[in-house]
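Values in this document were obtained by computation on a predicted structure and should not be read as measured data. Note on naming: letters A, B, ... go to the chains in the order of the sequence lines (proteins, then strands), and numbering restarts at 1 for each one.
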There are 6 protein chains.
Amino acid sequence: MSINQIGIVKRNIVRADKSAVEKLARFGVATVHEAMGRVGLMKTYMRPIYSGANVCGTAVTVLMHPGDNWMMHVVAEQIQPGDVVVAAVTSECTDGFFGDLLATSFRARGAQGLVIDAGVRDVKDLTAMQFPVFSKAISAKGTIKATLGSVNIPVVCAGALVNPGDVILADDDGVVVVPAAAARQAADAAEARESNEAEKRSKLAAGVLGLDMYKMREGLERAGLKYVD
Amino acid sequence: MSINQIGIVKRNIVRADKSAVEKLARFGVATVHEAMGRVGLMKTYMRPIYSGANVCGTAVTVLMHPGDNWMMHVVAEQIQPGDVVVAAVTSECTDGFFGDLLATSFRARGAQGLVIDAGVRDVKDLTAMQFPVFSKAISAKGTIKATLGSVNIPVVCAGALVNPGDVILADDDGVVVVPAAAARQAADAAEARESNEAEKRSKLAAGVLGLDMYKMREGLERAGLKYVD
Amino acid sequence: MSINQIGIVKRNIVRADKSAVEKLARFGVATVHEAMGRVGLMKTYMRPIYSGANVCGTAVTVLMHPGDNWMMHVVAEQIQPGDVVVAAVTSECTDGFFGDLLATSFRARGAQGLVIDAGVRDVKDLTAMQFPVFSKAISAKGTIKATLGSVNIPVVCAGALVNPGDVILADDDGVVVVPAAAARQAADAAEARESNEAEKRSKLAAGVLGLDMYKMREGLERAGLKYVD
Amino acid sequence: MSINQIGIVKRNIVRADKSAVEKLARFGVATVHEAMGRVGLMKTYMRPIYSGANVCGTAVTVLMHPGDNWMMHVVAEQIQPGDVVVAAVTSECTDGFFGDLLATSFRARGAQGLVIDAGVRDVKDLTAMQFPVFSKAISAKGTIKATLGSVNIPVVCAGALVNPGDVILADDDGVVVVPAAAARQAADAAEARESNEAEKRSKLAAGVLGLDMYKMREGLERAGLKYVD
Amino acid sequence: MSINQIGIVKRNIVRADKSAVEKLARFGVATVHEAMGRVGLMKTYMRPIYSGANVCGTAVTVLMHPGDNWMMHVVAEQIQPGDVVVAAVTSECTDGFFGDLLATSFRARGAQGLVIDAGVRDVKDLTAMQFPVFSKAISAKGTIKATLGSVNIPVVCAGALVNPGDVILADDDGVVVVPAAAARQAADAAEARESNEAEKRSKLAAGVLGLDMYKMREGLERAGLKYVD
Amino acid sequence: MSINQIGIVKRNIVRADKSAVEKLARFGVATVHEAMGRVGLMKTYMRPIYSGANVCGTAVTVLMHPGDNWMMHVVAEQIQPGDVVVAAVTSECTDGFFGDLLATSFRARGAQGLVIDAGVRDVKDLTAMQFPVFSKAISAKGTIKATLGSVNIPVVCAGALVNPGDVILADDDGVVVVPAAAARQAADAAEARESNEAEKRSKLAAGVLGLDMYKMREGLERAGLKYVD
């Protein structure tokens, strides 16, 4: 293993099974994250640039240095239809690494969206294009093209480890990463979780308390809960 | 007095006078906060989860530990029609303590909304339900049900003291707490403030300066203001 | 030069050339900022209070102390049609220095909008008025009128130096300051930048890679980029 | 009850029992906070201005507006020997509300220290005086004397409710508030906690695992913990 | 691969070569990070709890949930002499997961220190013990023991991926992670970097400019740098 | 005026009068800032890298891009004995732009210290050298040398405008900027302020209240302050 992970573009990556990705796309981030055992969620500062943005696809990853988006053009070539670009930076930066021109290019390559632990710009255009972006910041600040990073190496993006080929699911509740090898299992677990939600919802809507529906009263009493007037 | 305020559910609380609550609901947060002498405002990081959300009602309070929403089910039982649940956590946490199932339950019990110094999830569903929530964060991260907190004790939520029964008023400008015993007086003071705003507004719209309307020129000169060219 | 820049109102300021301002108004903040050599951008925490807000005009500046908006009334008198008020505070403060009454007054004087490194309130009314405001915070917290600041002195607002008369351009991507003397040149440079964007966009949309369009492959190879399988 | 809590100085307050305060002073913040059931801790951003600062005493409280320290002089008169001044501000502010002159005055009145949810200055002098201060910020920015606040009303300081007369305990681990009426009980509980720590410490130092000492293995297994190679 | 990485303790991990760890210990974090190609650095909010703290050792990792330190006792058993415990939390939390009792236990097991993306307490005692801790916060807030996490799985700690067995190097400049397989190479590269620093330092001390020593003048001129009077 | 302020090194700057700088060096930041009318203070996040660091000198300025410290070598050549380097970045960045080698070079050129709105590294060495640095962050992250910035143009550093030649005064209370042309006047005003502090201090130490010494009682009463029991 080389210590230097900078300056590498990995061309062949194993993407998560397509049908598993499609199945995951039917669920919300909260459901899938719960089904995963509550791991793999990005930090809550990652927000959609327009309300209602959502995306599900396989990760192609890119690691850049602060203020330098050269590798965005390198990753563009590695995009396959159905991919989501996941962009990380080696230290905190809010510059606008991405705008409408790159979005046009990414979309032409088949990208479903972008998840970036940094800033983006041309928000009005991106919204008009309905190109879903989840980012840490919005910034008009442009970047240079001077330093190598890497493409399709494992990256940490907004606190979550992303391996190329993993499934990225993002909606109003945030961004979750599902390891490629676990995609099918996660989709099935999400389905199982959701199957009994409808019944719960109608009970709760009818005024049944979670205390009773989930049989919590005994546990609370055992823990020492006291009702006073 | 016991040192331990944890593990208690107070069932009987004195809610603010209903007509005072209704009167307060006619005013904005800025007006009421101003009428209160500029106290009782929550921190500015408390934001509505959807644009236009607003709520006015009497507080039922819940104190939880980070990552644990067990008491949300306990507080649900204490909700009466017209209440707003005010949720505090013993240390900073952005986890999603609340989602569409709990919202369904709260609404069935008559809750008007939720104010929480933590995170919530299922934002899309909550928006579709038009269930007003003011929170510090949005997070898909679920919580456990293992630790007791308390219900209807005084809590500090986002920097403001909330006693059960106090009036909670929230809109695009933030969240303000009106002590139950002062609700009527605050409503009257808010009414008085607003009554002469229309006249001021039309004067200003006609080009009259605040400098003249509020007779500030003399005070500014006395303070030493100098005009230069 | 006096050390004390507090308590001064400068009445005569040199505003940027009107036709240059009008030309700048045709471009986005990202384009103009790029044309400026990537200087003059305010911090990314400056956000529009409603989606789609945008403004272009000449700066009248005001410097205030935390929690005190007295000078807002003083600056109102100095507004001329086409101006944007730029408000700075001597230390960090999120209080609501500005609301619908001041907006009514500013608009009556011809103001195009407000850029403030602090908080504002009455967001619902300001949105209804479509009065564009870019601020650091939204807060119902009112302010007092007790301390002098200054009007039309150079101020640092959200990290950017603003001289009275400079052009202020703000949209979804942020706020940029164009020095008055450079307005024409900046507008021309922005125009030049934008003229060849359409061609680039259609190439990228057709699947041409930035790697090829910008002829980056050789530079990347020289820098040591390695493709692996 | 009046809605307006501004402009009031309460002269007679009930301070926590002196012997209880003295007993609490023997324990660390972590121990007392634990003994209290994990409530009453201020936010972790409250830090000592010099390493090793610590204080224990009864609270006199002061509420001020941002950028205005007039009430600091009012609270000085209400200090009795053994008191700790607890200062809150109606909205977030980092200005330097306190420096060496006020420290000299407070000490002359018998104050043990200051806990302030804002900034202080003259840190070098305060350190030389060994006057313990726990604050949110250090700032040379001075304040004005124009607006009334209140003295000895309940305040929220750094997220914790403080009633005048409560015990304030602060050290390197933070600041905890003990309600006056619970001071004796908290001191006793802290003592009980600490009494068996020595034994635990020597066991752990000898290599005994917490897993065994606290008999956790069975619980972990029941929860489903799995050891793999 | 199972989706659920929670509830697992991996007992056998491959630790970095001991002699490589010892060699890395001779260098500072900045030097090693530079030698690594500028990857693997934790966020800058990770700070030593006392000035001068530093540590070098092999990682045993632990993943916990917010407010719950149960797994700290589980990881204690997996510590071998020379290890550094690296603790991550599934969402942001500043609670005090660690204090002097756990430090006593960890040290008895041979731990060199702790790196934790959360809070710790008993700072005074930890400092007296000279037990090096790098943390995000200091907090007296205790934690519960109710939820499973995992031990010795890959974790993301303060933005950096840590695999069990990796080398953790921390000093006043921050915390860097060296993958176990690259430890020798990183140590050699660090040595190479440092070998010519002494010569550079003496040249610079003698007044030679970096412009000349690094032969930058031509590059700057080519880039367009202009000197004006 | 050119729009492009990037890529320029100004060699001849007018430094503040030497005797005024020397006089200012006798005062603390809080005193000078107060004497200046409370303007010119940098943000409170600017902290000394070691306790007790302080500096006073004339500014040479440098503007850099995030992650790129090339211009640090350019500014080194412009340093004259008695100067303080003031470094700004075009967008927020915490990378380590400066370490012990540059400090050695700067000191050899006569620099008194560094004020930087970004990160630095080699903190242990800088402390051993007693080279005063005031920074926003400490970070081992190195930077590249690829992009031009400028030297000795006006910069905004941590919220304050700094013109080359201005006086920079920094100590435990923060960093203040005194315009070169106002240095003498500021020094005199600081002296005047300090001359009567000794008398005030001894009065307060004797138990005289600020209420009486500053004759505040009448003003407070007029403002409506009420004493209650």
Side-chain angles (χ1 to χ4, degrees), chain D residues 2 4 6-13 49-51 67 69-79 93-96 99-110 118-127 129 136-153, chain F residues 27-48 51-54 159 169-176 193-194 196-217 219-229:
Chain D
S2 165
N4 204 328
I6 295 295
I8 290 167
V9 183
K10 197 160 165 24
R11 272 180 298 212
N12 297 330
I13 63 171
I49 58 165
Y50 56 87
S51 180
N69 80 340
W70 208 9
M71 299 307 286
M72 277 294 199
H73 292 280
V74 178
V75 76
E77 192 176 27
Q78 305 306 317
I79 295 169
C93 190
T94 58
D95 288 358
D100 79 306
L101 286 179
L102 272 167
T104 301
S105 176
F106 280 22
R107 174 162 280 174
R109 306 295 294 184
V120 298
R121 57 185 186 171
D122 301 333
V123 165
K124 193 181 166 186
D125 297 322
L126 296 174
T127 303
M129 291 172 69
K136 174 166 127 181
I138 291 169
S139 171
K141 179 71 158 49
T143 48
I144 62 166
K145 290 162 205 349
T147 325
L148 293 189
S150 286
V151 166
N152 282 336
I153 64 165
Chain F
F27 305 104
V29 167
T31 299
V32 170
H33 178 248
E34 202 72 36
M36 297 271 295
R38 294 178 190 154
V39 293
L41 194 69
M42 291 192 186
K43 299 279 181 198
T44 58
Y45 61 68
M46 295 295 283
R47 300 298 303 150
S51 180
N54 68 82
L169 184 70
D171 63 22
D172 289 322
D173 286 347
V175 186
V176 70
R193 279 192 68 80
E194 206 150 275
N196 57 6
E197 288 227 334
E199 189 192 335
K200 286 186 199 169
R201 194 174 290 109
S202 59
K203 277 192 187 170
L204 294 169
V208 176
L209 286 167
L211 288 177
D212 298 312
M213 192 171 80
Y214 299 114
K215 301 189 196 318
M216 290 173 169
R217 291 190 192 273
L220 287 161
E221 192 184 347
R222 206 167 40 229
L225 190 67
K226 282 191 180 34
Y227 286 83
V228 300
D229 290 330

If every non-hydrogen atom of D/Ala108 is compared with every non-hydrogen atom of F/Ala205, which pair is closest and at what distance? CB-O, 3.5 Å
Quick one: which of D/Ile138, D/Leu102, D/Val123 has the most heavy-atom pairs under 4.5 Å with chain F, could you say? D/Ile138
Is it the backbone or the side chain of D/Arg109 that comes under 4.5 Å from a heavy atom of chain F, or both, or neither? side chain
Distance-only, no hydrogens or angles: does the D/Arg121 side chain make a donor-acceptor pair with backbone N or O of F/Asp172 under 3.5 Å? no
Residue pair F/Arg201 / D/Thr104: nearest heavy atoms and the distance that separates them: O-CG2, 3.5 Å
Taking every heavy atom of D/Ala140 against every heavy atom of F/Ala30, the minimum-distance pair comes out as CB-CA, 3.8 Å
Minimum-distance pair of heavy atoms, taken over all atoms of D/Lys141 and F/His33: CD-CE1, 3.4 Å
Chain D interface, residue from F/Thr44, F/Val228, F/Leu41 that has the most non-hydrogen pairs under 4.5 Å: F/Val228
Pairwise distance CZ(F/Arg222) to CG(D/Leu148) - rounded to 0.5 angstrom: 11.0 Å
Considering only heavy atoms, which portion of D/Asp125 lies under 4.5 Å from any heavy atom of chain F: side chain, backbone, both, or neither? neither
About how many Å separate CD of D/Glu77 and CZ of F/Arg217, when rounded to the nearest 0.5 Å? 4.0 Å
Measuring from F/Met46:CE to D/Ser139:OG, what's the distance to the nearest 0.5 Å? 13.5 Å
Side chain from CB out, backbone as N, CA, C, O: work out which of these in F/Tyr214 comes under 4.5 Å of a heavy atom of chain D, or both, or neither. side chain
Assess whether atom CD of F/Glu221 is packed by more than 12 heavy atoms of other residues, nucleotides or ligands within 6.0 Å. no
Please classify the contact of D/Met72 with chain F as side chain, backbone, both or neither, using a heavy-atom distance under 4.5 Å. neither
Roughly how far, to the nearest 0.5 Å, is the NZ atom of D/Lys124 from the CG atom of F/Asn54? 6.5 Å
Considering only heavy atoms, which portion of D/Val151 lies under 4.5 Å from any heavy atom of chain F: side chain, backbone, both, or neither? neither
How long is the gap from CG on F/Leu225 to CD1 on D/Ile6, to the nearest 0.5 Å? 10.5 Å
What part of D/Leu101 gets within 4.5 angstrom of chain F, counting heavy atoms only: side chain, backbone, both, or neither? both
Contact class of D/Ile144 relative to chain F, heavy atoms under 4.5 angstrom: both
On a heavy-atom basis, which atom in F/Arg38 and which in D/Thr143 lie closest, and how many Å separate them? NH2-O, 3.0 Å
Distance from F/Leu204 atom CG to D/Arg107 atom CZ, nearest 0.5 Å? 13.5 Å
